[in-house]
Amino acid sequence: QVQLVESGGGLVQAGGSLRLSCAGSGRTFSTYAMGWFRQAPGKEREFVAAISWSTRNTRYADSVKGRFTISRDNAKNTVYLQMNGLKPEDTAVYYCAADTIPLRVVVVPTTREYAYWGPGTQVTVSS
């Protein structure tokens, strides 16, 4: 079982940066791939980025490539999302999630592959 809590959201102007953190509890945190997803009002939850348990593999949505960076510190049970060059269309509630299957080599971009979710943190980008 993994419990997750996001932090670091807020209001920022277009072009600005934010760093989201996701703190996990549970002894097995380091064995799960972790993902970030987001959901804007009236839209479906969408994949943003993911990182394998070993940190060797990462994957990004095309819309954030080159602007966002996912990383993790297994010693601290924390995964991060550094967001640079923010745009108004990045406005959403951001969720971190842990993979359903431990020790998976590949990272997957679909919500159904993630079993544990945090409550989310709001990111608002003003134009």
Side-chain angles (χ1 to χ4, degrees):
Q1 192 78 348
V2 177
Q3 289 82 42
L4 304 170
V5 178
E6 305 92 341
S7 62
L11 174 63
V12 64
Q13 289 187 332
S17 298
L18 283 174
R19 188 194 196 199
L20 304 184
S21 298
C22 173
S25 62
R27 292 177 295 174
T28 59
F29 175 89
S30 63
T31 65
Y32 289 94
M34 297 296 296
W36 284 97
F37 294 77
R38 65 187 182 187
Q39 188 166 18
K43 295 187 177 181
E44 292 187 354
R45 192 168 298 189
E46 65 176 4
F47 170 76
V48 175
I51 185 168
S52 63
W53 65 273
S54 67
T55 76
R56 290 178 183 174
N57 296 312
T58 59
R59 188 167 181 172
Y60 296 90
D62 289 342
S63 59
V64 306
K65 279 181 183 177
R67 299 188 298 123
F68 291 10
T69 303
I70 189 170
S71 62
R72 67 189 296 165
D73 185 338
N74 285 337
K76 296 182 179 180
N77 278 8
T78 302
V79 63
Y80 305 97
L81 185 68
Q82 178 66 43
M83 305 187 295
N84 299 328
L86 283 161
K87 305 175 181 180
E89 51 264 42
D90 294 319
T91 295
V93 177
Y94 283 70
Y95 301 89
C96 69
D99 198 345
T100 301
I101 301 173
L103 302 177
R104 183 154 29 190
V105 175
V106 297
V107 291
V108 289
T110 54
T111 56
R112 65 177 180 270
E113 297 294 340
Y114 293 81
Y116 308 101
W117 292 82
T121 186
Q122 176 71 47
V123 172
T124 303
V125 184
S126 63
S127 57

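Computation of the quantities below employed the complete heavy-atom set of this structure, encompassing side-chain atoms and omitting hydrogens, waters and symmetry-equivalent molecules.
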- request: Quick one: closest heavy-atom pair of Ala92 and Gln122, and the distance?
  value: O-NE2, 3.4 Å
Heavy-atom check, side chain of Arg38 versus side chain of Phe47, under 4.5 Å: no
- request: Considering non-hydrogen atoms only, spot the tightest contact between Ala33 and Arg72 and give its length.
  value: CA-NH1, 3.9 Å
query: Does any non-hydrogen side-chain atom of Tyr32 lie less than 4.5 Å from one of Ile101?
result: no
query: Which heavy atom in Ala98 sits nearest to a heavy atom in Leu4, and how many Å separate them?
result: N-CD1, 3.7 Å
statement: Separation between OG (Ser127) and CD (Gln13), nearest 0.5 Å, reads 9.5 Å
Stepwise side chain to side chain contact (heavy atoms under 4.5 Å, CB included) test for Val48 and Leu81: CA-CA 9 Å; Val48 175; Leu81 185 68; 4.1 Å; yes
Closest contact, heavy atoms only, Thr55 versus Ile51: CA-CG1, 3.9 Å
message: Are Val79 and Tyr116 connected into the same hydrophobic cluster when the rule is that any two of I, L, V, M, F, W, Y join if their side-chain heavy atoms are below 4.5 Å apart?
response: yes
query: Restricting to pairs with a member in residues 73-114, which pass ring pair (Phe, Tyr, Trp, His ring centres under 6.0 Å), not counting sequence neighbours?
result: Phe37-Tyr114
- prompt: Between Met83 and Leu20, is any pair of side-chain heavy atoms under 4.5 Å apart?
  reply: yes
field: Beyond-backbone contact of Leu18 with Leu86, side-chain heavy atoms, under 4.5 angstrom
entry: yes
field: Residue pairs involving residues 5-117 (criterion disulfide (SG to SG under 2.5 Å); sequence neighbours excluded)
entry: Cys22-Cys96
task: Determine whether Val105 and Asn57 make a side-chain contact, defined as any pair of heavy atoms from C-beta on separated by less than 4.5 Å.
output: yes
task: Please confirm whether Arg45 makes a cation-pi placement over Trp117, using NZ or CZ under 6.0 Å from the six-membered ring centre and within 45° of the ring normal.
output: yes
message: Taking the side chain as everything from C-beta on, heavy atoms only, tell me whether Arg59 gets closer than 4.5 Å to Pro109.
response: yes
query: Okay, side chain of Gln82, backbone of Phe68: is any donor-acceptor separation there less than 3.5 Å?
result: no
Donor-acceptor pair, side chain of Tyr60 and main chain of Ile70, under 3.5 angstrom: yes
task: Can you measure from OG (Ser71) to CE (Met34) and round to the nearest 0.5 angstrom?
output: 11.5 Å
message: If you compare all heavy atoms of Ser17 against all heavy atoms of Asn84, which two are closest, and at what distance to 0.1 Å?
response: OG-OD1, 2.9 Å
- line: Sequence neighbours excluded, the answer for salt bridge (charged side-chain N to carboxylate O under 4.0 Å, His left out) partners of Glu113 is Arg104
query: Backbone N or O of Thr124 within a donor-acceptor pair of the Thr91 side chain at under 3.5 Å?
result: no
field: Whether Asn74 side chain and Trp53 backbone form a donor-acceptor pair below 3.5 Å
entry: yes
message: Please determine whether a side-chain nitrogen of the Lys or Arg among Asp62 and Lys65 lies less than 4.0 Å from a carboxylate oxygen of the Asp or Glu.
response: yes
query: Heavy-atom distance under 4.5 Å between the side chains of Arg67 and Asp90, does that happen here?
result: yes
- prompt: Do Thr28 and Val2 come within less than 4.5 Å of each other through their side chains, counting heavy atoms only?
  reply: yes
field: Distance-only polar pair, side chains of Asp73 and Thr78, donor-acceptor under 3.5 Å
entry: no
